[in-house]
Structures are given as structure tokens and as C-alpha cells.
A.B. asks: 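First, the structure itself, so that you have it in front of you.
Values in this document were obtained by computation on a predicted structure and should not be read as measured data. No hydrogens, no waters, no symmetry mates; every other heavy atom, side chains included, goes into these values. Every number for a ligand or one of its atoms is a count from 1 in the order of the listing.
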Amino acid sequence: MYEGEISNAQKLIEQLGGTIRIAEMIEEISIKELSQAIAEFLIKNHKEGKLNFGITSFCGFRDNRKVLNEVKKLLKGSISIRFANRNFQNLDAGTLHKEKLLSKGFEIMILKKGEKFTIFHTIAAQNIDKFSERDYKKPFRDMEVGMLPPKLALMMLNFTRENGILPKSIYDPFCGTGTVLIEGENLGLRALGSDISEKVLEMSRKNLEYFFGKKERKIFKQDARDAFKKELESEAICCEAYLGPIFKRSLNEKDLEKALSDTEDVIYGFLRNMHTKIKGDRAVIALPFWQTQKGEIFLKKVLEIIEKFWENRTVSLTNRPRKSLLFRRKEQKVGREIIILQKRSSVAQR
Ligand SMILES: C[S@@+](CC[C@H](N)C(=O)[O-])C[C@H]1O[C@@H](n2cnc3c(N)ncnc32)[C@H](O)[C@@H]1O
């Protein structure tokens with residue numbers, strides 16, 4: 001539920017990452033009233049010129065064609081109209097921006113719940129182009145290091161919120177080419193990063209400079225397992241941890257064993273080390289998991305260290321016993337398991 005100024009909705013959606021649309025409810029109606037209610041809304045809210053609109057329906061309602069044709073009939077004669085649905089298919093967020101339906105037109109969403117229908121008017125939509133720009137235009141990318149989608153990085157940054165408020169600074173101890181740092185700076189946070197590889201650190205520095213200009217940044221070489229000399233001025237950790245060696249072929253048992261032991265070693269060391277090294281209490285981490293023919297393989301040993309120093313605050317969306325959120329593209333062998341951790345208070349006081 002979004003409660004706020006309509007004019008701020010687009011700004012908000014661009015800060016959230018995972019939200020596709022924000023829509024304002026118009027009314028709840030029966031199927032018989034559907035087209036009439038949509039036509040009335042459009043007439044009332046249309047200002048001038050040709051009326052551009054589209055319809056997107058969810059939850060088992062698939063009759064866009066019928067509704068669009070009925071609305072067209074109802075509006076015929078009073079306004080010149082054009083609808084944006086191609087072949088009567090639902091609209092995607094990209095089309096809403098391309099067709100300017102948010103500023104100079106309308107998208108009506110229809111939600112079916114039992115026998116009732118609710119209609120909404122979309123006021124904000126995810127802007128894929130802005131993500132693509134931050135992803136593909138950065139001067140340095142490295143397929144070997146991994147390609148954390150900016151959208152996912154942004155969602156993870158939002159999980160560092162406490163009581164709805166973002167931290168002022170975040171630290172990525174596996175910063176690679178800087179995806180989390182870029183999204184962090186874009187949100188106005190101070191972003192600190194380290195990595196074991198000087199090569200990728202330079203990429204991070206150059207990428208940040210490209211988007212946000214030259215300024216002093218704390219981006220330094222550090223093995224995340226090693227002790228830090230002093231506490232870091234960071235209110236939260238947000239990172240995609242080391243995902244293990246890259247395998248170009250299908251994984252066999254031996255590969256999997258190697259991937260598990262390599263990553264457990266680094267991530268275990270990092271979690272043990274890190275709980276005393278940041279000022280804040282929150283950590284949002286993407287861990288690797290592997291998709292095999294036998295199913296998903298998750299890290300096990302890291303749970304011990306989490307249990308000892310951190311509390312898992314992730315709200316799962318499924319009935320899986322692990323409290324985590326999963327992200328994996330179909331073609332990928334390695335997925336990301338997102339966990340949201342809070343320092344145990346007894347540990348924080350030590
Ligand atoms: C999956 S990548 C992170 C990619 C990053 N999110 C990006 O945008 O490019 C993991 C990173 O962990 C680094 N790494 C591996 N072992 C490490 C360690 N022990 N300490 C610190 N960094 C390490 C690698 O150099 C690599 O850049």
C-alpha cells in the first residue's frame with residue numbers, strides 16, 4: 001500500500017527496484033459495470049486531444065479484447081481514442097513509458113477477486129531504460145566477476161531499511177565492478193567498497209566516477225575474511241558475496257564440492273569477521289546457490305555463523321524451510337539467495 005503524494009510515486013518507484021507499478025484504486029464493481037466505469041473514468045479525466053489509453057488485467061481475468069471494444073464503443077462520437085494494447089495483450093512497464101501513458105494517457109488495471117472487479121489507474125511504472133543505462137553504459141563490466149542486475153542491487157539496498165529508513169552509508173565488501181555502490185550513490189547514500197582484487201577495484205572507481213563524477217571515495221583492497229584495523233563508518237552491509245568459480249559446462253559432483261567449499265570458506269570468514277566491523281546492525285547479502293538436476297544446493301556451514309552472530313530477518317515468500325529469497329535467471333547455473341540479517345544485540349553491545 002502506497003500512501004503519499006501522487007506526484008512522488010514515480011520517484012519512489014525508481015528508488016525501489018522491484019516494484020513494477022503503483023496504481024490508484026478507482027472503484028470496485030461487478031463485471032456488468034466494468035466497461036461503463038472505465039469509460040466514465042476516462043471521460044472525466046481526459047484533458048485534450050486524442051485519448052491514449054490501455055488496459056492490463058490480472059488474476060484470471062483475460063477479456064481485454066471485450067472490454068477494450070466496449071469502451072471504444074461507449075466513447076465513440078465523444079472523443080477520438082487510441083488504445084495501446086497490441087493484439088489486446090497486457091501492457092508492460094516499458095510500453096507505458098514509451099507511449100507516454102503515465103503523463104499523457106492512461107493505463108487502467110483490472111483485478112478480479114471472486115465475482116468482484118477492482119479497477120485502478122496506474123500512476124507510476126518501473127523505468128527499465130534507466131536500469132539498462134546504469135548497467136550497459138558503465139565503462140567497465142566483467143562477465144567473470146558476475147553480473148548482479150542493478151534492479152536486484154536496488155532491491156537489496158531497500159532491504160537495509162530499518163523502520164522504513166535507509167541507512168546513510170553502506171559497505172560492500174565484495175564490490176567487484178561496483179553495481180551495489182552505483183545503486184547506493186544513486187540513492188544518495190555514501191557507498192564504501194572493498195574487494196580482494198585490485199583490478200576490479202579500479203573498475204568500480206572508474207564506473208562511479210563516470211556516473212557521479214570525481215570525489216573522494218573509500219574503495220580499498222581488503223580480503224573480507226581478514227581483520228580490519230578499525231571499525232568502518234558504515235551503517236549497513238549490502239553485498240553480493242563471492243559466488244565461486246565459473247563453470248562453463250554442466251556441474252558435476254566434484255565441481256559442486258569445489259564451489260561449496262570455496263564459497264563457504266570466504267563467506268563464513270567474512271560473516272565471522274564482519275559483525276564487529278561495521279557501526280550499523282543490518283546486513284543484506286546475496287549468497288550463491290546452485291541449480292542442479294537434483295534440485296537447488298544451498299550453502300550450509302554459513303548458517304552456523306549466522307546463527308551465532310546474526311539474526312535472520314528475511315521474510316520468505318514461499319514455504320521453503322530456509323528463510324531467504326531466491327533470484328535466478330533460467331539459463332544460469334548459479335542463483336542468488338538473499339538474506340536479511342540483523343546483528344544479535346548481545347554481540348552488538350560487546
Ligand atoms: C560476485 S562478485 C561481486 C560482483 C559485484 N556485485 C559487481 O557488481 O561486479 C564477487 C567479488 O568477490 C571478490 N572476492 C572473492 N574473494 C574475496 C575475498 N576473500 N575478500 C574480498 N573479496 C573477494 C571477487 O574479486 C569478486 O569481485
A.B. asks: Hey, is Ser194 touching ligand 1 through its side chain, its backbone, both or neither, going by heavy atoms under 4.0 Å?
C.D. replies: neither

A.B. asks: Between Glu107 (side chain only) and Leu102 (backbone N and O only), is there a donor and an acceptor less than 3.5 Å apart?
C.D. replies: no

A.B. asks: Please could you name the atoms of ligand 1 that Glu240 approaches to less than 4.0 Å, counting only its heavy atoms?
C.D. replies: 1 (C), 3 (C), 4 (C), 5 (C), 6 (N)

A.B. asks: Are Phe83 and Leu51 connected in a single hydrophobic cluster, I mean Ile/Leu/Val/Met/Phe/Trp/Tyr linked by side-chain heavy atoms less than 4.5 Å apart?
C.D. replies: yes

A.B. asks: For ligand 1, is there an atom lying under 4.0 Å from some heavy atom of Ala153?
C.D. replies: no

A.B. asks: Is it the case that the side chain of Arg205 and the backbone of Asn207 share a donor-acceptor pair, with hydrogens and angles ignored and the cut-off at 3.5 Å?
C.D. replies: no

A.B. asks: Report, in ascending order of atom number, the atoms of ligand 1 lying under 4.0 Å from any heavy atom of Thr179.
C.D. replies: 7 (C), 8 (O)

A.B. asks: Pick one of side chain, backbone, both or neither for how Cys175 approaches ligand 1, counting any non-hydrogen atom pair under 4.0 Å.
C.D. replies: backbone

A.B. asks: Within a distance under 4.0 Å of any heavy atom of Arg225, pick out the atoms of ligand 1 and give their elements.
C.D. replies: 19 (N)

A.B. asks: With clusters built from Ile, Leu, Val, Met, Phe, Trp and Tyr whose side-chain heavy atoms come within less than 4.5 Å, directly or transitively, what are the remaining members of the cluster of Phe289, listed by chain and number?
C.D. replies: Phe298, Leu326

A.B. asks: Are any of the N/O atoms in Val180 less than 3.5 Å from those in ligand 1?
C.D. replies: no

A.B. asks: With a cut-off of 4.0 Å, which atoms of ligand 1 are near a heavy atom of Gln222?
C.D. replies: 20 (N), 21 (C)

A.B. asks: Return a yes/no value for Val200: is any of its N or O atoms, backbone included, closer than 3.5 angstrom to an N or O of ligand 1?
C.D. replies: no

A.B. asks: Between Ser194 and Gln222, does any side-chain donor sit less than 3.5 Å from a side-chain acceptor?
C.D. replies: no

A.B. asks: Under 30°, 30 to 60°, or over 60°: which ring-plane class applies to Phe41 and His121, parallel, tilted or perpendicular?
C.D. replies: tilted

A.B. asks: Looking only at N/O atoms, are Asp223 and ligand 1 under 3.5 Å apart anywhere?
C.D. replies: yes

A.B. asks: Can a donor-acceptor pair be found between the side chains of Ser132 and Asp129 at a distance below 3.5 Å?
C.D. replies: no

A.B. asks: Heavy-atom distances under 4.0 Å decide this one: backbone, side chain, both or neither, for Met147 against ligand 1?
C.D. replies: neither

A.B. asks: Which residue from Leu181, Asp195, Asn273 reaches closest to atom 24 (C) of ligand 1 through any of its heavy atoms?
C.D. replies: Asp195

A.B. asks: I'd like to check whether Ser197 has a polar contact with ligand 1, where a contact means an N/O of the residue lying under 3.5 Å from an N/O of the ligand.
C.D. replies: no

A.B. asks: Any nitrogen or oxygen of Tyr242, main chain or side chain, under 3.5 Å from a nitrogen or oxygen of ligand 1?
C.D. replies: no

A.B. asks: Does CD belonging to Glu198 count more than 12 external heavy atoms closer than 6.0 Å?
C.D. replies: yes

A.B. asks: Looking only at heavy atoms, is any part of Val266 under 4.0 Å from ligand 1, and if so is it the side chain, the backbone, or both, or is it neither?
C.D. replies: side chain

A.B. asks: Testing the 3.5 Å rule here: is there a donor-acceptor pair between the side chains of Asn64 and Asn90?
C.D. replies: yes

A.B. asks: Is it the side chain, the backbone, both or neither of Pro173 that has a heavy atom closer than 4.0 Å to ligand 1?
C.D. replies: backbone

A.B. asks: Apply side chain to side chain donor-acceptor pair (under 3.5 Å) to Glu304 and list each qualifying residue two or more places apart in sequence or on a separate chain.
C.D. replies: none

